[in-house]
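A short worksheet on the structure shown next.
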Protein chains: 2
Amino acid sequence: MTEKHIKPTEAELEILQVLWEKGPSTVKTVHESLDGIRSVGYTTILKLMQIMIQKGLLTRKRDGRNHIYAAVPERKAVQRQLLDRFLNGVFGGSAQKMVMQVLGQYRASPRELKEIRQYIKKLEKDKS
Amino acid sequence: MTEKHIKPTEAELEILQVLWEKGPSTVKTVHESLDGIRSVGYTTILKLMQIMIQKGLLTRKRDGRNHIYAAVPERKAVQRQLLDRFLNGVFGGSAQKMVMQVLGQYRASPRELKEIRQYIKKLEKDKS
DNA sequence: TGTTCGATACGAAGGGTTTCGTAATAACAA
DNA sequence: TTGTTATTACGAAACCCTTCGTATCGAACA
């Protein structure tokens with residue numbers, strides 16, 4: 001399951017998000033989730049999910065007259081890959097630059113900042 | 001110059017990177033930079049850069065028989081926009097989750113970690 | 001069995017990106 | 001001026017993603 005090149009499109013990523021969030025679901029469920037955010041046809045989602053099966057991004061099993069779809073790659077794995085590409089493509093591979101930009105751009109709550117700081121301290125300890 | 005929707009494609013982003021890095025350049029320079037990384041034709045880059053002019057991503061001026069191209073949007077502005085989309089699309093908008101994943105995934109040097117920690121402290125102070 | 005109705009399968013259009021071949025152009029040199 | 005060469009302009013193909021209309025299927029029920 002450790003696919004070399006996971007590269008979901010934007011629409012595919014939306015679908016994966018729903019499945020990661022809700023667990024294995026029908027097309028109907030996924031469609032209802034997404035249609036709430038942006039208007040999109042039922043068969044559009046269906047088609048996308050069928051394509052995603054061919055690409056190996058989803059699996060499915062029959063359940064009466066429905067299909068139940070499940071995400072194949074794990075959320076973390078996809079995030080890791082996309083992050084890697086993004087970091088290299090947009091920030092020249094500098095994790096530091098990216099982190100600082102994120103922290104400056106979105107004000108994390110004091111609690112979050114503290115947690116991040118502690119996480120860094122932990123990393124610093126683990127290293128030595 | 002504060003474009004509402006800056007959304008360079010991948011190829012366009014590569015070109016912008018070169019121009020941000022090297023400053024205003026000819027097609028030849030950009031092509032040589034990119035061709036070193038992945039094989040791509042000269043006229044492909046030329047065409048892309050011409051399209052980018054139409055989109056307002058680049059400007060150019062004549063210089064003898066050449067054109068000198070320059071990036072229009074600032075690096076930081078593009079990074080900010082792309083980061084915003086990425087964070088929302090991939091990490092559900094949680095800066096904290098993303099930062100922690102980045103820090104865990106790429107080991108920053110002790111010096112970088114320290115700098116980030118200090119930056120956070122600065123943020124914490126500014127807030128109060 | 002035959003009808004109904006929700007779900008699936010499929011084709012094709014529309015839009016965008018990337019690619020490159022070829023034609024036109026302009027500077028420079030002979 | 002004319003030829004040579006580097007550069008630009010342009011068109012079109014190939015590819016991919018997204019969208020949806022329509023056809024098909026199949027379970028449930030009368």
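Reminder, nothing fancy here: chain letters follow the sequence lines and each chain counts from 1.
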Exam field: side chain Gln79(B) to backbone Val90(A), donor-acceptor pair closer than 3.5 Å: yes
Strictly by salt bridge (Lys or Arg N to Asp or Glu O under 4.0 Å), give each pair with a member in residues 21-31 of chain A just once, sequence neighbours left out. Glu21(A)-Arg75(A)
Counting only side-chain N and O atoms of Thr9(A), is one of them less than 4.0 Å from OP1 or OP2 of dT18(D)? yes
Could you state whether Val18(B) and Val40(B) fall into the same hydrophobic cluster, counting links through intermediate Ile, Leu, Val, Met, Phe, Trp or Tyr residues with side-chain heavy atoms under 4.5 angstrom apart? yes
Here the residues of residues 27-36 of chain A within 4.0 Å heavy-atom distance, strictly under, of DNA chain D are none
Nearest-angstrom distance from the residue atom CG of Leu46(B) to P of dA23(C): 17 Å
Return the set of residues passing side chain to side chain contact (heavy atoms under 4.5 Å, CB included) with Arg111(B) (not counting sequence neighbours), or none when no residue passes. Ser109(B), Glu115(B)
Specify the separation, in whole Å, of atom CD of Glu10(A) and atom C1' of dG16(C). 13 Å
Expressed as a whole number of angstroms, how long is the span from Asn66(B):CG to dA6(D):C1'? 8 Å
Filter on ring-ring contact (aromatic ring centres under 6.0 Å, His included), then keep only pairs touching residues 82-124 of chain B, sequence neighbours left out; what's left? Phe86(A)-Phe86(B)
Rounded to whole Å, CE of Met49(A) lies from P of dA9(C) at a distance of 11 Å
Side chain to side chain donor-acceptor pair (under 3.5 Å) with Gln101(B): which residues, sequence neighbours excluded? Gln105(B)
Residue list, side chain to side chain contact (heavy atoms under 4.5 Å, CB included) with Ile53(A), at least two apart or on another chain: Leu58(A), Arg60(A), Tyr69(A)
Gln54(B): what forms a side chain to side chain donor-acceptor pair (under 3.5 Å) with it, not counting sequence neighbours? none
Spacing between Lys7(A) atom NZ and dC15(D) atom C1', to the nearest angstrom: 13 Å
Using a 4.0 Å heavy-atom cut-off, write out nucleotides 19-30 of chain D from 5' to 3' as B (base contacted by protein), S (sugar-phosphate only) or - (no contact). BBBB---B----
Whole angstrom is fine here: how far is it from CG in Asp63(A) over to P in dG6(C)? 17 Å
Atom CG of Leu57(B) to atom P of dT18(C): distance rounded to whole Å? 12 Å
Whole angstrom value for the distance that separates C1' of dA9(D) from CD of Gln54(B): 11 Å
Qualifying residues under ring pair (Phe, Tyr, Trp, His ring centres under 6.0 Å), relative to His31(B), sequence neighbours excluded: Tyr42(B)
